[in-house]
*Asks:* 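Take this structure first; my questions come after.
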Amino acid sequence: MNMKQPILIISILVTAVWGCQENQEERIKRTEDKYFDVSKYKGNINTDGRMVVSEINKVFEDMYTKAIEEHGLLGAIDYCGDHAFDVLDSLGHYYGVGLKRTSLKYRSPENAPDSLDYAILNNMKDLGEQGVDVTPMSMKFAGGDGIFYAPIKMKSMCLPCHGMKLRGDIKDEVWKKIRERYPDDKSYDFNLNEMVGVWGVYFPAEYRARKGSVDIPKM
Ligand code: HEC
């Protein structure tokens, strides 16, 4: 079998799945005010992916913390549900990458894995079950695009919304609220440090030259 074929097929698949790229490019061209200092990119998607993930992890943790402080746990469910995609979009725009959060056991159907995510998630799950400490993975595609996946692990601040139901991590009113908004929710019964999902960071081949702006909605 011609070895180039699978790479090409994956590349077409990824381009189709991450079809937002074109829009993103247009938005990036439009705004020149705030953008990530692209000279900080090393040009290696593993190094750059780790850096982006550590920063966006902080943004998301801050978002949860502030939302809970200002709106309470129940209000935070709606707040995060209403804003998570805008924040992801803005951050992707800022870094000049495509961003997603996905999981085998997801809460929002909008975060459902596509076939590539699914393969990676399953692979990480198998490694985890073998007792391996799951680390990030990346793939490069024909044309120079690449995707970086990093596991998202449970912290204590996540338990009230993703923890063990029977242990009482998730209070009854929180459970009810989540069920109402996400009737098919699968994102619970996780333990501390367990992998709850992954970040996917899609680096277009020309990412080093990109500019974007960040616009995180006000609480
Ligand atoms: C106030 C409740 C709440 C807290 C606290 C919370 N989450 Fe979530 N989480 C949600 C809701 C609601 C969604 C679905 C909406 C969205 O964010 O896309 C979600 C979605 C996710 C997703 C995307 C996949 C999916 O299931 O849809 C991941 C991954 C995730 N959360 C991880 C975490 C981690 C890690 C923490 C702790 C740092 C955390 N969450 C804290 C409510 C919460």
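Note that these values count all heavy atoms, side chains included, but never hydrogens, waters or copies made by symmetry. Every value quoted in this text rests on a predicted model; they were computed, and no experiment measured them. Start at 1 and go down the list; that is how both ligands and their atoms are numbered.
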*Asks:* Which protein heavy atom lies closest to atom 23 (C) of ligand 1, and at what distance to 0.1 Å?
*Replies:* Asn111 ND2, 3.4 Å
*Asks:* Using 4.0 Å as the upper bound for N to carboxylate O, is an ion pair formed by Arg179 and Asp172?
*Replies:*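 The answer is no: the pair does not qualify as a salt bridge.
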*Asks:* Would the Tyr41 and Phe36 ring centres measure less than 6.0 Å apart?
*Replies:* yes
*Asks:* Checking a contact table here: which protein heavy atom is nearest atom 29 (C) of ligand 1, and how many Å away?
*Replies:* Ile152 CD1, 3.7 Å
*Asks:* Side chains of Asp48 and Tyr207: do they bring a donor and an acceptor to under 3.5 Å?
*Replies:* yes
*Asks:* Is the backbone N or O of Ile147 less than 3.5 Å from a side-chain atom of Ser138, with the two atoms forming a donor-acceptor pair by type?
*Replies:* no
*Asks:* Between Lys155 and ligand 1, does any nitrogen or oxygen pair lie at a separation below 3.5 Å?
*Replies:* no
*Asks:* Which label fits Tyr79 and His83: parallel for a plane angle under 30°, tilted from 30 to 60°, or perpendicular past 60°?
*Replies:* tilted
*Asks:* Testing Arg107, His162, Lys105 one by one against Ser187 for a side chain to side chain donor-acceptor pair (under 3.5 Å), which residue passes?
*Replies:* His162
*Asks:* Specify the protein heavy atom at minimum distance from atom 20 (C) of ligand 1: its residue, its atom name, and the distance to 0.1 Å.
*Replies:* Arg101 NH2, 3.4 Å
*Asks:* Quick one: name the protein N/O/S atoms under 2.8 Å from atom 8 (Fe) of ligand 1, chain by chain.
*Replies:* Tyr64 OH, His162 NE2
*Asks:* Using non-hydrogen atoms of the residue, decide whether Met157 is closer than 4.0 angstrom to ligand 1.
*Replies:*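 In this structure, Met157 qualifies as a contact of ligand 1 - some heavy atom is under 4.0 Å.
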*Asks:* Counting non-hydrogen protein atoms only, what is the nearest one to atom 15 (C) of ligand 1? Give residue, atom name and distance.
*Replies:* Tyr182 OH, 3.4 Å
*Asks:* Can you find a side-chain donor-acceptor pair between Arg50 and Asn44 that sits under 3.5 Å?
*Replies:* no
*Asks:* Should the ring pair Trp175 and Tyr188 be called parallel, tilted or perpendicular, given that the plane angle runs from 0 to 90° and is split at 30 and 60?
*Replies:*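 Perpendicular.
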*Asks:* Number the atoms of ligand 1 from 1 as they appear, then name those within less than 4.0 Å of a heavy atom of Ala76, with their elements.
*Replies:* 1 (C)
*Asks:* Is the cationic atom of Lys186 (NZ for Lys, CZ for Arg) positioned less than 6.0 Å from the six-membered ring centroid of Tyr106 and within 45 degrees of its normal?
*Replies:* yes
*Asks:* Suppose I only count heavy atoms of Ala84 and a 4.0 Å limit; which atoms of ligand 1 are within that range?
*Replies:* 16 (C), 17 (O), 18 (O)
*Asks:* Tell me whether the guanidinium CZ or amine NZ of Lys177 lies under 6.0 angstrom from the six-membered ring centre of Tyr182 and within 45° of its axis.
*Replies:*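 No cation-pi geometry.
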